[in-house]
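The shown structure was predicted, so the numbers you read here are calculated from the model rather than taken from an experiment. Computation of the quantities below employed the complete heavy-atom set of this structure, encompassing side-chain atoms and omitting hydrogens, waters and symmetry-equivalent molecules. For reference, positions follow the sequence shown, starting with 1.
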Amino acid sequence: MEKDANQHKNMGFKRILPCAKGYLIPTFLTPLFIVFEVLLEVLIPMLMAAIVDGGLYRADDFLLKEFFSPELIADQKRFVIVVGGIMIVAALCSLAFGMLAARTAAVAGMGFAKNLRKLIFEKIQSFSFRNTDRFSTPSLVMRSTADVNNLQNLYQTAIRMFVRSPVMMILAAVMALRINAQLSVIFIVAVPILLAILIVIGKIGRPRFTAALKKYDKLNASVQENLTGVRVVKAFVREDYEKEKFAAAANEVEKAQVFASRLFTLIGPIQMGIMWTCAIILLLLGGKQVIYGSLQKGELVSLLSYTNQVVSSLGMIGMVFTMLTMTRASVGRINEVLDEEIDIIGPENDLKVENGDIEFRNVDFSYTNSEDNLNLHDISLHIRSGETIGIVGGTGEGKSSFVQLIPRFYDVLHGEVLLAGRNVKDYSLYELRESVSMVLQKNMLFSGTIRDNLRWGDPNASDAEIEEACRLACAHDFIMSFPKGYDTDLGQGGVNVSGGQKQRLCIARALLKKPKVLILDDSTSAVDSKTDESIRRAFRESLKGTTKLIIAQRISSIQDADRIIVLDKGTVSDIGTHEELMKRSEIYQEVYRSQNKSSANKEGGVR
């Protein structure tokens, strides 16, 4: 299992690399600039050696002697000034190339992250309800933000350091070997030691970072729940409890981060320890060679510089290796989203839904796709186009599950659901869901004006069409009571309107689609009986060609429906008019009596 997981993560890097498309020019320019930067950096110690040996100590032989004229070498002061000027120019040019590389790397990294976020978001948008159920909202937010940020940082660092470090290491090693092969053995021994330490630390640290990211998910969930339910928190005076819960989650994140990062904090000291050890050994051995005349003083200075460049280059690789270890956990989490198999995919065709005729044929359904845990069992019924159908049943009896099969928010386990005489699977998801308007139990409005929210139903709706839909939903009057009317800003999640007003706006939004099928999933529970009756009367008069499915807890909301479906334990217990069900359905009678018990007692008292 662990091997498969690692293969999955390794494949994940290959999968997300195409997100660099559109930013390949800065991606390729970055290593090019880095190469020029490194070439100049490697040149500087040689120029320094030339100044020391050829300019200050006037040695007969020194590095780069063949590149200078005898006249220039003979003039000590001029030689130092000229070579020093070249060194300054080389340093400035190296700095310029480094700045260019940093800029192109930043552009490439940010573009890569933008494309990756877009890819993740588009994948999430294609999820069915079942796919969405497998991930928590805070986890999806973290994967789209923090995990992508980790990859962005790795990408823009890697395209610099994965070129800079090897090129620097090779060139510095070659120059050191050219100066003195015997002394260069020192860093040849040091490099494998540091590399082995990095590999061990990476293997130990990887699972720690995975655990830390899960703690982040928990912290994010705490923040999101608190902000979403801030009114409930204040209503129950639970601020102190929420503070303690957040503090506990933050402490867990801190502990997980410290535990994960503790090993990697050793890399810097270990690198510096190896580098200074090499420097001390070089000074001891190289100093002896300087005394005996087999090594020039400037060459020893250059050797020290090249040794530091080799070790620091490996340290840069260590830094990228650390980031890679941290990011592999993020790659795995992102690929869990990208690799999620979409279980509901519609065909690509232009087949239109002609009417609202609905038929269920021997339908079984399970949220877990298990025959041993069915939520709906053997549902067979026919709903004629234009009918108004009420749906009642106890909590958890399958009412919402029943209606969510029509627009294919979920797919059936067995049997088939037909719309306008065709299996819903024959329609493209766009055409199918364009023909079905659904107002869910949890009403959702978005930031923006009332008009903006209503136009979710029809982006091209005229003001007259918007007003007509709001009148049908009994929303026009309260909208016009606001100073800005339809241009009133709702705030995040529609916080500026009441529950009943939010329900009516959601109904109006659904009506603007002019659907073949309208589904109201307990969508008038927050409105008063008079408004409920007005909405139902408007439906009867203005939506005669639309099939209306109304899930309701109140019998009064559906008793004038053409037919009423009674669901019990995931099956159709009975179906008929209000009068028919009052005669033969014990479940329906019990619900009716429980809801009318208080009024019946009052009537009995009057008598």
Side-chain angles (χ1 to χ4, degrees), residues 8 12 15 119-144 147 214 217 220-221 224-225 228 332-348 353 358-379 391 393 395-419 422-444 510 517 519-523 549 551 567 569-571:
H8 174 74
R15 177 169 186 176
L119 180 65
I120 295 171
F121 186 78
E122 289 176 349
K123 184 60 182 274
I124 293 172
Q125 289 296 302
S126 69
F127 278 5
S128 69
F129 279 21
R130 180 175 281 114
N131 294 130
T132 307
D133 293 341
R134 295 194 183 105
F135 299 91
S136 69
T137 301
S139 177
L140 288 175
V141 171
M142 280 290 295
R143 292 166 203 246
S144 303
D147 288 328
K214 291 180 180 178
D217 285 345
N220 195 24
Q224 185 172 4
E225 285 181 356
T228 304
R333 286 157 52 86
I334 288 172
N335 281 315
E336 284 178 8
V337 176
L338 297 179
D339 292 340
E340 176 71 11
E341 186 176 350
I342 308 300
D343 60 344
I344 296 180
I345 301 175
E348 296 296 330
V353 178
I358 302 169
E359 185 176 357
F360 281 65
R361 292 180 181 173
N362 308 114
V363 168
D364 292 338
F365 169 71
S366 169
Y367 284 107
T368 60
N369 272 341
S370 171
E371 295 187 8
D372 298 326
N373 186 26
L374 294 178
N375 301 93
L376 295 175
H377 174 62
D378 196 24
I379 303 289
I391 304 173
T395 302
E397 302 295 355
K399 303 185 295 298
S400 296
S401 304
F402 174 80
V403 296
Q404 287 176 356
L405 296 178
I406 299 170
R408 287 192 74 192
F409 291 152
Y410 294 95
D411 267 343
V412 300
L413 184 62
H414 300 125
E416 57 181 348
V417 179
L418 286 76
L419 182 59
R422 288 181 174 271
N423 193 311
V424 291
K425 296 180 180 180
D426 294 338
Y427 299 104
S428 68
L429 291 180
Y430 176 82
E431 292 296 340
L432 174 63
R433 292 173 183 172
E434 271 293 294
S435 68
V436 180
S437 272
M438 188 168 184
V439 184
L440 301 170
Q441 281 179 320
K442 185 177 181 181
N443 300 290
M444 182 64 193
V517 178
I519 300 172
L520 303 180
D521 189 352
D522 199 18
S523 303
L549 305 180
I551 296 174
L567 290 176
K569 298 179 181 178
T571 62

Within a reach of under 6.0 Å around CZ of R422, are more than 12 heavy atoms found that belong to other residues, nucleotides or ligands?
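Not buried by this count: 12 neighbours or fewer within 6.0 Å.
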Verify the neighbour count for atom OH of Y430: are there more than 12 heavy atoms of other residues, nucleotides or ligands below 6.0 Å?
no
Would you mind reporting whether [Y] and [X] have side-chain heavy atoms less than 4.5 Å apart?
X	Y	result
D411	D343	no
E371	H414	yes
R408	L405	no
F129	I344	no
I391	V403	yes

Enter the distance from [X]:[atom1] to [Y]:[atom2] here, rounded to the nearest 0.5 Å.
X	Y	atom1	atom2	answer
R130	T132	CZ	OG1	11.0 Å
M142	R333	CE	CZ	5.5 Å
N335	E340	CG	CD	12.5 Å
F402	I551	CZ	CD1	8.5 Å
L338	E122	CG	CD	11.0 Å
I379	L567	CD1	CG	6.0 Å

[X] (side chain) donor-acceptor with [Y] (main chain) under 3.5 angstrom:
X	Y	value
S139	F135	no
S437	A510	yes
R361	L418	no
E397	K569	yes
D364	D378	yes

Judged by modelled atom types alone, do [X] and [Y] share a side-chain donor-acceptor pair under 3.5 Å?
X	Y	answer
S435	Y427	no
D133	Y410	yes
N131	S128	yes
D521	S400	yes

Contact summary for [X] and [Y], nearest pair of heavy atoms:
X	Y	answer
N423	E416	ND2-OE1, 3.0 Å
G393	K399	O-NZ, 3.1 Å
S401	L376	C-CD1, 3.9 Å
I124	S144	CD1-OG, 4.1 Å

Derivation and outcome, side-chain contact (heavy atoms from CB on, under 4.5 Å), residues R143 and I120
CA-CA 8 Å; R143 292 166 203 246; I120 295 171; 5.5 Å; no
Which one of I358, L520, V436 satisfies the side chain to side chain contact (heavy atoms under 4.5 Å, CB included) criterion with L549?
I358
So that I know where these two stand, are F365 and Y367 an aromatic pair - ring centroids less than 6.0 Å apart?
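So the answer is yes for these two rings.
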